[in-house]
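The structure appears below as structure tokens.
Since the structure is predicted, the reported quantities are computational estimates derived from the model, not experimental observations.
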Amino acid sequence: MSYEILSKIHSPADVKALPDDQIPALCEEIREKLIDVVSVNGGHLSSNLGVVELTVLLHRVFDCPEDSIVFDVGHQCYTHKMLTGRYDRIDTIRREGGLSGFPKRKESPCDAFNAGHASTSISAAFGICKAKELSGDNSYTIAVIGDGSLTGGLAYEGLNNAGRYNKNFIVILNDNKMSISKNVGAMARYLSSARMQPWYLRLKSRTERVLSKIPLLGKPIGNTIKRSKSRFKHILYRHTIFDKLGLSYYGPVDGHNIEELTNALNTVKRSKDPALLHVVTTKGKGYKFAEKDAASFHGIGSFNVDTGEPISSKQNFSGVFGEELCRLAKADKRVCAITAAMRTGTGLVDFSKTYKDRFFDVGIAEEHAITFASGMAVGGMLPVFAVYSSFLQRGYDQIIHDAAMQWAHIVIGVDRAGIVGEDGETHQGVFDVAMLNAIPGVSILSPCYYDGLKASLSTALYDIEGVVAVRYPRGSEGYRPDAYTEESVNYDIVGDRSAAILLVTYGRLFSEAAKAAEKLKKDGVNVCILKLCRVKPLDPEAIDFALDFQKICFFEEGMRSGSISETMRRMLSERGYTGSYKSRAVCDKYIHHASISATLSHLGLDADGMCAMVREELS
């Protein structure tokens, strides 16, 4: 496709300058480009296809970057990037050195606030708006939030504070009836009810005009008429929850009807109060496979445009986790599964269908999920909360206060542990170990292979008390040495026990250590590998074993500060170890988007990096 209109857009000013009759064609070109780019690079397709008209019209009605647009999560910002001077680089999105798949202030002044996690936009936008007010800036601030993100508690905290204040503050509620999976809960039902009232915006506007013309004749009569106005308004149209919170509610409007949406945006722009515009869109709009299965195309790898089929469909850790949890649930009616709007991503689709009464999708509410699981545990159930590592961060206080302190037995399936690749710094699973390592009574298991994941999950449920985290990486299992099986959920010893150098690692990095050992052996260098699985608490026998080696090299796919390698160093020192101890982990920085293999290489955590460290020690 030639992209005749899109290729000429170099700034929001170019979007404003387009004739009205070219807007539908521009939207069509954007959708074609989105499908083309994501089919090659992977990324978030359904969410971006759904907000094309909304994004185009935001840039026609408002003046970016003077007016600030804050995207919730930010996974729907691809169109925004193309319209704000980055079209010529859109083919690099999610690639190393290219555009991020999320808003980044360093990329453009049009990216008002960095994002990556849900429910943050209203609080952030309100903060920006108040800062403008304090500095005398009367420009607009717009938070664009999906109905899925509205299930997160932070969104309500923002709404609770934002209402009844800045008149130039606008919330756009992008309602596509989904987050990643189908939305759940009372708010989803509430918005469904609101969508059934297409007359609402027109009637509200007309009612306001009529009531504003009723004169006030004297104080007693005036007070009576004021009360009558209020009652009359309540009869003609209900007050929404948003009105009650102080934001004037407008909508719902069709998010793909250019004329209707333009009029609505101009209406809220003229509002004298903080406003919320309810926009109804179709997730995956314009690509039949994404419209039919929006969840699968929410975040997807490369795929065939003509068939919608993914290029690679290997078995992965999330799928194995879901299968094993189903097996365990079949044998034990106490086993329950909890997810925070990630049923598909965490491999729980089959569980949700087979054990409906024991499956709980709590929406984007990780804090609630942890406390809810703790309550279930106290009540005698065996709850398993499946969550991405980077999202588990949001429930840290609850892990400490509601679970660990009272020894509630919950299992946390920490998906996407370690490097995740192209999603970048907001999604890297490199903080969970250091985070959990600091909490008394928490156990952490980190297997490398599918058989180890299965064994770890069973052990976590039945053999360990308190809070148990079972962490596993994104994607498929890696290289496995011949005849090796993950026999122990504590530790394994692989290689030459008489060698001078001991490599220590856990999780996915064992595959890299095994490859490194084989490469070194070809060069006449023998090493031994201490493969940990239960990394908290460390098995004292594993520490005793390490004491016999002259040199120890620990490789860890997580933050160095608070790491397991630091714990092991301390334990060795307490036992009088006098040999050389070196560790390699992530040192006080955030990890940007690149492939998993490239990132591990940059960090020196792949086989080549391990070999280099060993040779450096020997020299």
**Asked** Are any of the side-chain nitrogens in Lys104 or Glu425 under 4.0 Å away from the carboxylate oxygens of its partner?
**Response** yes

**Arg474 to Phe317 six-membered ring, cation-pi geometry met (6.0 Å, 45°)** = no

**Prompt:** Can a donor-acceptor pair be found between the side chains of Gln393 and His117 at a distance below 3.5 Å?
**Reply:** no

**Request:** Determine whether the aromatic ring centres of His75 and His298 lie less than 6.0 Å apart.
**Result:** yes

**Carboxylate-amine/guanidinium proximity below 4.0 Å for Glu324 and Arg327** = yes

**Item:** Test item: Asn304 side-chain N/O and Glu309 main-chain N/O as donor-acceptor pair under 3.5 Å
**Value:** no

**Request:** Decide, yes or no, whether a salt bridge links Arg560 with Glu556 under the criterion of side-chain N to carboxylate O below 4.0 Å.
**Result:** no

**Asked** Any salt bridge between Arg343 and Asp350, counting N to O under 4.0 Å?
**Response** no

**Main-chain N/O of Asp72 paired with Ser149 side-chain donor or acceptor, under 3.5 Å** = no

**Request:** Please confirm whether Phe297 and His44 have ring centers closer than 6.0 angstrom.
**Result:** no

**Item:** Side-chain (Tyr577) to main-chain (Phe549) donor-acceptor, under 3.5 angstrom
**Value:** yes

**Asked** Do the ring planes of Tyr581 and Phe554 sit parallel (below 30°), tilted (30 to 60°) or perpendicular (above 60°)?
**Response** tilted

**Request:** Nearest 0.5 Å please: distance from the CE atom of Met405 over to the CD1 atom of Ile439.
**Result:** 9.5 Å

**Asked** Does the ring centre of Phe71 sit less than 6.0 Å away from the ring centre of Phe113?
**Response** no

**Asked** How far does CD1 of Ile444 sit from CG of Leu538, to the nearest 0.5 angstrom?
**Response** 9.5 Å

